[in-house]
Amino acid sequence: MGQTALLNLSWEQRRKLTGLLFVTPTVAFVTVFFIIPLIMTIYMSFHDWPLFGERAFIGLANYEELGKDRQYLKSLDFTFRYTALVTPPIFILGFILASLVRHNIRYIGIFRTIFFLPVVIGLGVSSLLWVWMLDDRIGVFNKILLDFHLVPKAQLFLGRPNTAMNVIILSVVWKTVGFTMILLLAGLQAIPDELYESAEVDGAGYFRKLFYITLPLMRRFIALALILSVIGSILSFDQFYIMTRGGPRNSTISIVFWIFNNSFTYFKMGYGAAMSIVLLGILVALTGAQLYVLREKE
Amino acid sequence: MATSSMQADPTGLSQQEIRRLRRRALLALRYLILVVLALLFLFPILWSFINSIKLPSEALAVPPTYLPTEVSIKNYEELTTYGKIGIAQHVYNSTVVALITVAGSIVLSTLGGYGFARFNFPGKNVLFIMVLSTLMIPFQSILIPLFVMIVQVDLHDTLFGLALVYITFQLPFGIFLMRNSFLAVPHEIEESALLDGCSSLSVLYRLMLRLVMPGIVTVAIYAFINSWNEFLAALIFMSDQDNFTLPVFLTTIRYGIWGDVNWGALQAGVIVSIIPSLAIFLALQRYYMDGLMGGAVKN
């Protein structure tokens, strides 16, 4: 019967059905693994939801608890502070690198590749590499600093909140700056050379060209790189879990880290879900800002 | 201008020659800066490699030595028996997860991309926007229900379950990229084949696949590198040590789960886990960059 029904369809209708069939697996995956979990996150956030045992509807209690959770507030503060501190070096160095590799001089491809290499290494693995280089006893940084008499004794880089933040930032800049470099490079290369030439005829110096030509014309690329970089920083987890384990004195626990601890160590999954919703809200707001900035120009 | 270039300076060089020399000096300076920066960027990887080929005892020396007194593959050998089952099982786990992710991402992105690019059906725009809007939802924020669901269907602690999750993470980007690839192919090419009575699936398979191959390669590279490197989901979904992927296994070494932290073996493991993504990136760099530009800049 299905056979005859199919035969009776017009060519148009068959095309429609075929198209629908082509996208069905994708739509099914996205529904099962994205849409349903998203709805479930909201649902779970109103419940007391242990891994095993009774679940109970508790209304907004999880959200109320957020305001009293000192570590959560500390993690929010830490994550924003980390984001604010890691973004400028990524952009300044990314811009310098992009300027250096901008023109197609000989061997420049090799340099672009080298600066980009750390991007394809996993953040987890790069953190394992850096935590070892930063070790006070067998780490290479202390070895070099001591050999050149730059420090009186070995430094516990990851043992103090301030230095821990700084060295983690150093490792993340190394790992991610190539990505920003490539986006900024695309922006630089989209600016026609004639603009610079005529500015030079008018006697414009480097900074005038930078602020009146380069940066304004790269706005879209800068905005995009900025948003991707900021979102990545707000979602960071690997570097803190691996390099400091949240220490010293719980000073490097990011939002995702605290969600992870609550959900998968203490198994307070409803509470974790409530935090996830707040995180999602922050990120949607940021993405909205991105779309706004990008649209304005067109 | 003409008069100034005629002026000679005390060294006897014309203005033009000075300008050329200046340009050359600036170029040399640019290369110098580039080389120094390149060495700094390569240093962590090279340092890890150098230490991985020291003798295990030397890799643990305090203070560390700069260069190995003796080259050895002992650290790599130790890895083969490290922990409960040795590194081979974890390389295998990571490879299986990555390959399933690559295969799944290719099939779903190609089918879906073709459907969204070439067919008209009710609800098409809504569905397309739904797929793309998931780009805005970071997977970190839905891991809790994903975990609950995966446990419910007994797929937690399986390589297949983890790969399913990874495929989903790849889909928005893959669909976007493959749809654009199909849109770039002229309509006429498939129309004649369709009029000849070929089915849509065979047109896709026999005709279109070759034309969108660059897009497929890009999707595959990203699926591989992202799933090979991913840490957080692997950490959550795998509880049996036998099923740990490479990055999770290496973290257990770092935390000394198996005794004292064996830094030499850890660096050998770091090198083992870096090599595949680096090799794929270096071999297929053009496709990787295309994906970066297509996925990030043009949307």
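Values in this document were obtained by computation on a predicted structure and should not be read as measured data. Every chain is numbered from 1, with letters handed out A, B, ... down the list of sequences.
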Determine the option with the most heavy-atom pairs under 4.5 angstrom with chain B, choosing from [options].
{"options": "A:Trp130, A:Tyr107, A:Phe115, A:Phe237", "result": "A:Phe115"}
{"options": "A:Val177, A:Ile110, A:Thr18", "result": "A:Thr18"}
{"options": "A:Val140, A:Leu279, A:Leu146", "result": "A:Val140"}

Side chain from CB out, backbone as N, CA, C, O: work out which of these in [X] comes under 4.5 Å of a heavy atom of chain A, or both, or neither.
{"X": "B:Tyr114", "answer": "side chain"}
{"X": "B:Thr251", "answer": "both"}
{"X": "B:Ile142", "answer": "both"}
{"X": "B:Leu204", "answer": "side chain"}
{"X": "B:Ile175", "answer": "side chain"}
{"X": "B:Ile144", "answer": "both"}
{"X": "B:Leu282", "answer": "side chain"}
{"X": "B:Phe43", "answer": "side chain"}
{"X": "B:Leu127", "answer": "side chain"}
{"X": "B:Tyr288", "answer": "side chain"}
{"X": "B:Leu250", "answer": "both"}

So, does [X] use its side chain to make a donor-acceptor pair with the main chain of [Y] at under 3.5 Å?
{"X": "A:Lys175", "Y": "A:Val119", "result": "yes"}
{"X": "B:Tyr255", "Y": "A:Ile242", "result": "yes"}
{"X": "A:Arg15", "Y": "B:Arg118", "result": "yes"}
{"X": "B:Arg254", "Y": "A:Met243", "result": "yes"}
{"X": "B:Ser133", "Y": "B:Met130", "result": "yes"}
{"X": "A:Asn62", "Y": "A:His47", "result": "yes"}
{"X": "B:Asn229", "Y": "A:Leu123", "result": "no"}
{"X": "A:Trp132", "Y": "A:Ile138", "result": "no"}
{"X": "B:Lys54", "Y": "B:Thr65", "result": "yes"}
{"X": "A:Thr26", "Y": "B:Leu108", "result": "yes"}

Does any heavy atom of chain B fall under 4.5 Å from the side chain of [X], the backbone, both, or neither of them?
{"X": "A:Pro25", "answer": "both"}
{"X": "A:Ile231", "answer": "neither"}
{"X": "A:Leu286", "answer": "neither"}
{"X": "A:Val256", "answer": "side chain"}
{"X": "A:Ser99", "answer": "backbone"}
{"X": "A:Phe111", "answer": "side chain"}
{"X": "A:Ser263", "answer": "side chain"}
{"X": "A:Leu128", "answer": "both"}
{"X": "A:Asp135", "answer": "side chain"}
{"X": "A:Leu100", "answer": "both"}
{"X": "A:Met269", "answer": "both"}
{"X": "A:Leu51", "answer": "side chain"}

- Step by step, work out the side chain to side chain contact (heavy atoms under 4.5 Å, CB included) result for B:Phe119 and B:Lys124. CA-CA 9 Å; B:Phe119 296 85; B:Lys124 176 171 125 169; 5.8 Å; no
- Task: Please work out whether the ring planes of B:Tyr222 and B:Phe173 are parallel, tilted or perpendicular, with thresholds of 30° and 60°.
- Result: tilted
- Anything under 30° is parallel, anything over 60° is perpendicular, the rest tilted; go ahead and classify A:Tyr241 against A:Phe260. perpendicular
Pairs of heavy atoms under 4.5 Å with chain A: top-ranked of [options]:
{"options": "B:Leu27, B:Asn226, B:Leu60, B:Leu164", "value": "B:Leu164"}
{"options": "B:Val148, B:Leu143, B:Ile33", "value": "B:Val148"}
{"options": "B:Gln267, B:Met136, B:Glu230", "value": "B:Gln267"}
{"options": "B:Val151, B:Leu37, B:Leu235, B:Leu278", "value": "B:Leu235"}
{"options": "B:Gly112, B:Gly115, B:Pro64, B:Pro172", "value": "B:Pro64"}
{"options": "B:Val131, B:Asn120, B:Ile236, B:Ile225", "value": "B:Ile236"}

- Task: Please step through ring pair (Phe, Tyr, Trp, His ring centres under 6.0 Å) for the pair A:Phe240 and A:Phe257, ending with a clear verdict.
- Result: CA-CA 8 Å; A:Phe240 307 117; A:Phe257 200 157; 7.5 Å; no
- Message: As an exercise, state the distance from CZ of B:Phe237 to CZ of A:Phe264, rounded to the nearest 0.5 Å.
- Response: 6.5 Å
- Message: If you compare all heavy atoms of A:Pro37 against all heavy atoms of B:Leu146, which two are closest, and at what distance to 0.1 Å?
- Response: CG-CD2, 3.9 Å
- Message: I want to check something: taking the side chain as every heavy atom from C-beta on, are B:Gln170 and B:Tyr166 in contact at a cut-off of under 4.5 Å?
- Response: no
- Validation row, ring centre B:Phe116 to ring centre B:Phe128 under 6.0 Å: yes
